[in-house]
Amino acid sequence: MRVLSAIFFILLAVAAVGAYFSLFVVHQTKQALVLEFGKPKKMINKPGLKWKIPIAQQVVFFDKRILDLDSEALEAIDKDQKRLIVDAFVRWRITDPLKFYQRVRTEARARNLLANDLESALRNVVGGVKLADIVGDKRDDLMAEITKRVNVAGKDFGLNVVDVRIKRADLPEANSEAIYNRMRTDREQEAQLFRSQGKAAANRIQASADRQATIIIAEAEQQAEQLRGEGDAERNKIFAEAFNRDPEFFAFYRSMQAYEKGLRASDTRLVITPDSPFFQYFKDPTGKGGASAN
């Protein structure tokens, strides 16, 4: 019994080892290429538990998902001979594992090849357009053209380039600073021109307003003097008519005006004789007690 048990465990161990070296799992995100003595034997795209011949066959796995390649920023020359810093990334996937294995072998080498193809396509496409086209409405068309060019080379490696995107397309920092300073200078000159034009317009408006104000004031003063003269003439006419109608009342009125102006509430002093005609209405309300006031 001990011998049979030992043989059973030995056979079980051998079977376990054989299963370990014969069975493998293909995950949903992977695809497998079975190699027999280093030569491609079959492709496995469906996930699940699979088997192989131990020692004679090996399995190489490749990713089925869309992969990303973020390239380093590179320098390109646009149509206007301007130096640009372009930064882009690629989304790609392995569509033909057999060709991929035969031409590329590893993802690391595939990334290097794609980076070189992307750099070449970027330089060629950017060299035929202007910066305004890259950052403007033609950006999508340019990225589609770059994708097409990179895809041509990728198909030879069993790859499919899904998309190429330009993340950034700028002038070098030194050029950007110079352009910024030039733009700022231009804007300052333009602002100074606008200020000068505004100041000149303000001076013209102020001069026109001052001239119109002077004319209006002069006309108003002329009209005021004319009305004042007419008023004085009318007053003198009224005084003359009043004097002709009642000389005594006119004399009384003139004396009252003289009293009002001469005898004010302030410290008023008069050095005259008591018999002066100035006080004739103080002595006699009729004014006949002395000479008539002038």
Side-chain angles (χ1 to χ4, degrees), residues 26-33 43-47 60-184 186-187:
V26 179
H27 295 279
Q28 292 181 347
T29 60
K30 299 291 183 179
Q31 49 190 338
L33 176 63
M43 279 293 309
I44 300 176
N45 293 319
K46 294 183 179 180
V60 181
F61 295 97
F62 302 101
D63 208 320
K64 294 171 63 174
R65 296 170 295 182
I66 295 177
L67 306 175
D68 294 332
L69 171 61
D70 195 353
S71 68
E72 297 182 358
L74 60 92
E75 186 175 295
I77 307 297
D78 70 352
K79 188 175 181 180
D80 293 335
Q81 301 302 312
K82 293 180 180 178
R83 296 170 53 243
L84 303 178
I85 302 299
V86 184
D87 192 2
F89 71 91
V90 182
R91 300 173 67 237
W92 61 285
R93 68 193 311 169
I94 301 172
T95 55
D96 191 342
L98 178 58
K99 184 181 290 187
F100 181 85
Y101 178 78
Q102 292 173 339
R103 299 290 182 86
V104 183
R105 295 281 177 163
T106 64
E107 287 187 13
R109 187 163 183 267
R111 291 178 181 275
N112 291 332
L113 293 173
L114 278 177
N116 294 333
D117 293 336
L118 175 62
E119 179 178 352
S120 177
L122 279 173
R123 292 184 187 278
N124 291 332
V125 173
V126 171
V129 297
K130 299 180 180 180
L131 176 60
D133 297 331
I134 301 175
V135 299
D137 297 336
K138 296 183 179 180
R139 188 186 187 97
D140 292 339
D141 296 336
L142 297 177
M143 291 189 295
E145 178 64 23
I146 296 171
T147 302
K148 180 180 177 181
R149 296 193 180 199
V150 178
N151 216 3
V152 171
K155 288 182 179 179
D156 293 336
F157 304 137
L159 308 176
N160 178 43
V161 178
V162 178
D163 193 15
V164 175
R165 290 288 166 179
I166 298 176
K167 296 189 296 182
R168 179 173 64 96
D170 296 325
L171 296 169
E173 185 175 353
N175 292 6
S176 298
E177 184 69 20
I179 291 175
Y180 170 75
N181 292 333
R182 186 170 67 250
M183 291 175 61
R184 182 176 62 182
D186 293 341
R187 294 298 179 271

### Thr95 side-chain N/O to Gly158 backbone N/O, donor-acceptor pair under 3.5 Å
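Yes, Thr95 side chain to Gly158 backbone: donor-acceptor pair under 3.5 Å.
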### Query
Residues in side-chain hydrogen bond (donor to acceptor under 3.5 Å, both in side chains) with Arg65, at least two apart?
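Partners of Arg65 by the side-chain hydrogen bond (donor to acceptor under 3.5 Å, both in side chains) criterion, ordered by chain and then number, come out as Asp63.
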### Message
Here's one to test your reading of the geometry: is the NZ or CZ of Arg103 within 45 degrees of the ring axis of Tyr101 and under 6.0 Å from its centre?
### Response
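Not satisfied by the 6.0 Å and 45° rule.
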Taking the side chain as every heavy atom from C-beta outward, state whether [X] and [Y] have any atom pair closer than 4.5 Å.
| X | Y | value |
| --- | --- | --- |
| Leu114 | Val161 | yes |
| Ile77 | Arg83 | yes |
| Thr29 | Lys64 | no |
| Val86 | Ile134 | no |
| Val164 | Met143 | no |

Heavy-atom pair with the smallest gap, counting every atom of [X] and [Y]:
| X | Y | answer |
| --- | --- | --- |
| Val104 | Ala110 | CG1-N, 3.3 Å |
| Leu122 | Ala88 | CD1-CB, 4.0 Å |
| Gln31 | Ile94 | NE2-O, 3.2 Å |
| Ala115 | Leu69 | N-CD2, 3.7 Å |

### Message
With side-chain hydrogen bond (donor to acceptor under 3.5 Å, both in side chains) as the rule and sequence neighbours excluded, what pairs involving residues 106-128 come up?
### Response
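Sorted pair list: Glu119-Arg123.
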### Task
Would you mind listing every side-chain hydrogen bond (donor to acceptor under 3.5 Å, both in side chains) that reaches into residues 147-167, with sequence neighbours excluded?
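Listed once each, the pairs are Asp70-Lys167, Glu145-Arg149, Asn151-Asn160, Asp163-Arg165.
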### Query
Sequence neighbours excluded, which residues qualify as ring pair (Phe, Tyr, Trp, His ring centres under 6.0 Å) partners of Phe157?
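Once residues adjacent in sequence are excluded, Phe157 has no partner under the ring pair (Phe, Tyr, Trp, His ring centres under 6.0 Å) criterion.
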#### Entry: Spacing of Phe62 atom CZ and Arg105 atom CZ [to the nearest 0.5 Å]
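That separation rounds to 9.0 Å.
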### Message
To the closest 0.5 Å, what do you measure between CG (Leu74) and CG (Leu118)?
### Response
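Nearest 0.5 Å value for the CG-CG distance: 7.0 Å.
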### Query
Listed by chain and number, what are the side chain to side chain contact (heavy atoms under 4.5 Å, CB included) partners of Lys79, not counting sequence neighbours?
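Applying side chain to side chain contact (heavy atoms under 4.5 Å, CB included) to Lys79 gives Lys130.
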### Query
Ala73: what forms a side chain to side chain contact (heavy atoms under 4.5 Å, CB included) with it, not counting sequence neighbours?
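Ala73: side chain to side chain contact (heavy atoms under 4.5 Å, CB included) contacts with Ile85, Asp87, Arg168.
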### Task
Return the orientation label for the Phe100 and Trp92 ring planes: parallel under 30°, perpendicular over 60°, tilted otherwise.
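Rings of Phe100 and Trp92: parallel, under 30°.
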